[in-house]
Amino acid sequence: MQLRSTHRRAPLAGFREALRRGLAPDGGLYQPVDLPRFGEADLRAWRGLRFDAIARQLAQRLLEGEFAPEILDRVVDGALDFPVPARPLGEGLSLLELFHGPTLAFKDFGARFLARLFSEVLREGGEHVMILVATSGDTGSAVARGFAGVAGTRVVVLYPAGKVSPFQEAQMATIGGNVTAVRVAGVFDDCQRLVKSAILDPDLAPLRLSSANSINIGRLLPQTFYYVSGYLDAARRPGEPVVFAVPSGNLGNLTAGVMAARMGLPVARFIAATNANDVLPEYLDSAAFRPRASVPTLSNAMDVGDPSNFTRLAAMYDGSAARMGEDIAGLRVSEPETRAAIRDAYRRFGAVLDPHAAVAYSAALRFRHAAGSRAPVVVLATAHPAKFAGVIREELGFEPELPVSERGWRSRPLLAVDLPLASPAAFKDLLTGLSARSS
Ligand SMILES: *Cc1c(COP(=O)(O)O)cnc(C)c1O
């Protein structure tokens with residue numbers, strides 16, 4: 001697989017190089033030059049297969065020639081060892097539950113797959129790498145858990161102080177070992193800026209920094225897999241176009257969906273469902289991309305004011321908002337609408353939605369109503385509702401239970417390091433100190 005930077009000022013890279021770098025040297029994001037294609041015959045053959053079998057097939061096609069087939073199977077089997085059930089709600093709507101991984105959010109797909117690919121590459125070369133990840137909540141825990149104990153890696157997770165839930169904080173800051181959690185006085189966008197500046201800083205090159213945010217192409221590839229499996233569960237016959245409602249923040253999930261469509265998945269429309277952080281819907285309406293500071297909402301993993309993957313989406317549509325709008329409908333969902341959606345899904349279908357899935361559900365209903373569309377709609381449910389027990393209690397009067405494995409989180413000690421000033425210089429000192437300690 002050859003990859004091109006979205007800024008087009010860096011040389012083409014092979015897959016391993018793109019995986020290792022995360023960000024291209026010109027500050028752009030790596031994007032595959034070509035994607036493999038599949039057709040209706042493939043969809044027919046994959047129907048009825050388990051998720052991991054579909055994932056194996058797609059991984060082989062995407063990374064053919066990059067890794068031996070048995071290595072790819074090992075990566076898929078190790079990373080994607082949890083179920084991906086589609087729950088039919090009725091009236092042509094279904095919920096694709098992407099939250100059965102270890103951190104109860106869909107980011108486990110990308111983070112676990114990436115961690116295992118990295119470990120295969122490092123094993124070959126006897127190398128080490130320091131992975132930086134900025135998180136608004138779910139990415140950090142998924143990446144930290146994905147890399148915990150992986151030889152040759154140190155993971156540094158940056159999160160905004162006071163802006164993630166206590167459970168999310170526990171999931172990333174109680175691991176220790178090769179995982180360092182950094183609590184930043186700032187917002188998610190500050191964390192993301194610190195990561196970008198460190199990776200582009202020539203002084204830090206000896207640390208072999210890489211990023212595991214959704215900017216790393218290795219995270220996006222496995223996210224195409226569940227679009228295919230969700231499609232096969234929802235389509236009444238292979239070939240029928242399906243609508244996907246995607247709760248969107250940094251736009252990695254949506255980008256992976258568009259990649260799956262480019263590979264041949266019959267998609268009627270993507271609904272990019274956002275909360276008040278509506279940079280993408282605004283772009284689709286006005287053709288103006290106006291990144292700005294994020295505002296806090298109930299669906300906090302989507303509180304992104306300057307979505308990194310926008311540059312990938314824009315590149316896939318040659319910078320044309322009009323063409324992007326043919327594939328993607330951008331809908332903004334307010335806080336009262338999110339709460340109403342939680343009540344509505346429970347009342348009508350007995351489904352308990354976390355606030356992120358609720359944003360997508362609300363947008364899906366509005367889209368169907370406005371478009372008069374009868375295509376099946378798959379709502380991506382990106383987090384387990386128990387991660388947002390407070391708002392569920394307020395709306396439904398009870399708290400969903402965490403899976404047994406996660407119930408002891410309150411008793412684990414927090415090991416976070418504080419970064420009181422969100423400045424690149426302070427972060428650089430911290431990284432240099434960490435690398436001195438681990439070598
Ligand atoms: C990260 C996240 C999102 C947003 O996904 P993007 O790929 O950043 O658009 C939505 N829901 C949950 C629960 C998340 O953790």
Side-chain angles (χ1 to χ4, degrees), residues 29 95-112 114 133-146 157 159-160 163-165 167-168 171-172 188-189 191-192 211-217 219-224 226-227 244-260 270-275 277-281 294 297-313 328 330-333 338 341-342 353-363 379-388 391-392:
L29 271 55
L95 209 60
L96 187 62
E97 295 187 354
L98 304 176
F99 53 72
H100 295 283
T103 69
L104 313 181
F106 86 107
K107 295 203 170 62
D108 284 323
F109 288 88
R112 291 169 69 75
L114 177 65
V133 54
T135 186
S136 54
D138 285 333
T139 308
S141 47
V143 170
R145 291 274 282 260
V157 187
Y159 64 94
K163 305 253 171 8
V164 303
S165 76
F167 177 72
Q168 286 172 327
Q171 283 202 310
M172 51 201 157
F188 169 71
D189 297 310
C191 299
Q192 190 148 271
S211 163
N213 269 59
S214 47
I215 60 180
N216 195 303
I217 189 67
R219 282 218 12 222
L220 286 189
L221 300 183
Q223 293 187 245
T224 61
Y226 54 72
Y227 279 93
F244 285 95
V246 187
S248 295
N250 215 14
L251 306 178
N253 204 355
L254 185 63
T255 302
V258 173
M259 285 167 61
F270 292 100
I271 303 171
T274 72
N275 57 30
N277 297 282
D278 60 349
V279 171
L280 186 70
S294 58
T297 72
L298 291 170
S299 45
N300 64 6
M302 290 154 48
D303 295 347
V304 182
D306 185 3
S308 313
N309 283 293
F310 176 79
T311 166
R312 281 197 172 112
L313 275 181
I328 303 173
L331 294 179
R332 169 190 196 274
V333 175
T338 305
I342 292 173
L353 302 185
D354 94 280
H356 305 79
V359 165
Y361 172 86
S362 178
V379 175
L380 302 188
T382 45
H384 193 294
K387 293 184 90 167
F388 299 87
V391 57
I392 306 292

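Sequence positions, counted from 1, serve as the residue numbers for this chain. First listed ligand is number 1; within each ligand, the first listed atom is number 1.
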Side-chain donor/acceptor of Ser362 to backbone N/O of Val359, under 3.5 Å: no

Under 3.5 Å, is there a donor-acceptor pair between the side chain of Ser141 and the main chain of Gln171? no

Examine Ala383 against ligand 1 and note whether any of their N/O atoms are separated by less than 3.5 Å. no

One finds that the ligand 1 atoms under 4.0 Å from a non-hydrogen atom of Pro247 are 4 (C), 5 (O), 10 (C)

Give a yes or no on whether the backbone of Arg112 and the side-chain of Arg145 come within a donor-acceptor separation of less than 3.5 Å. no

Report, one line per pair, each donor and acceptor closer than 3.5 Å where one atom sits in a side chain of residues 100-109; sequence neighbours left out.
| from | atom 1 | to | atom 2 | distance (Å) |
| --- | --- | --- | --- | --- |
| His100 | NE2 | Glu97 | OE1 | 2.7 |
| Thr103 | OG1 | Asp108 | OD1 | 2.9 |
| Thr103 | OG1 | Asp108 | OD2 | 3.1 |
| Asp108 | OD2 | Thr103 | N | 2.8 |

By side chain to side chain donor-acceptor pair (under 3.5 Å) - contacts of Asn300 (at least two apart): none

Is Phe99 close enough to touch ligand 1? Criterion: a residue heavy atom under 4.0 Å from a ligand atom. no

Considering the heavy atoms of Met302, write down every atom of ligand 1 situated less than 4.0 Å from one of them. 3 (C), 4 (C), 10 (C)

Going by heavy atoms, is Ser248 under 4.0 Å from ligand 1? yes

Which atoms of ligand 1 have any heavy atom of Gly252 under 4.0 Å away? 6 (P), 7 (O), 9 (O)

List every atom of ligand 1 that sits less than 4.0 Å from any heavy atom of Lys107, numbering the atoms from 1 in the order shown and giving each element. 1 (C), 2 (C), 3 (C), 14 (C), 15 (O)

Could you grab the distance from atom CG of Asp354 to atom OG1 of Thr382, nearest 0.5 Å is fine? 5.0 Å

With respect to His356, determine whether any N or O atom, backbone or side chain, lies less than 3.5 Å from an N or O atom of ligand 1. no

Does any donor atom in the side chain of Asn250 or Asn309 lie under 3.5 Å from an acceptor atom in the other side chain? no

Supply the atom-to-atom distance Ser308 OG to Ile215 CD1, rounded to the nearest 0.5 angstrom. 6.0 Å

So is there a nitrogen or oxygen of Thr382 less than 3.5 Å from a nitrogen or oxygen in ligand 1? yes

Those atoms of ligand 1 less than 4.0 Å from some heavy atom in Gly249: 4 (C), 6 (P), 8 (O), 9 (O)

Of the backbone atoms (N, CA, C, O) and the side-chain heavy atoms from C-beta on, which set of Leu251 has a member under 4.0 Å from an atom of ligand 1: side chain, backbone, both, or neither? backbone

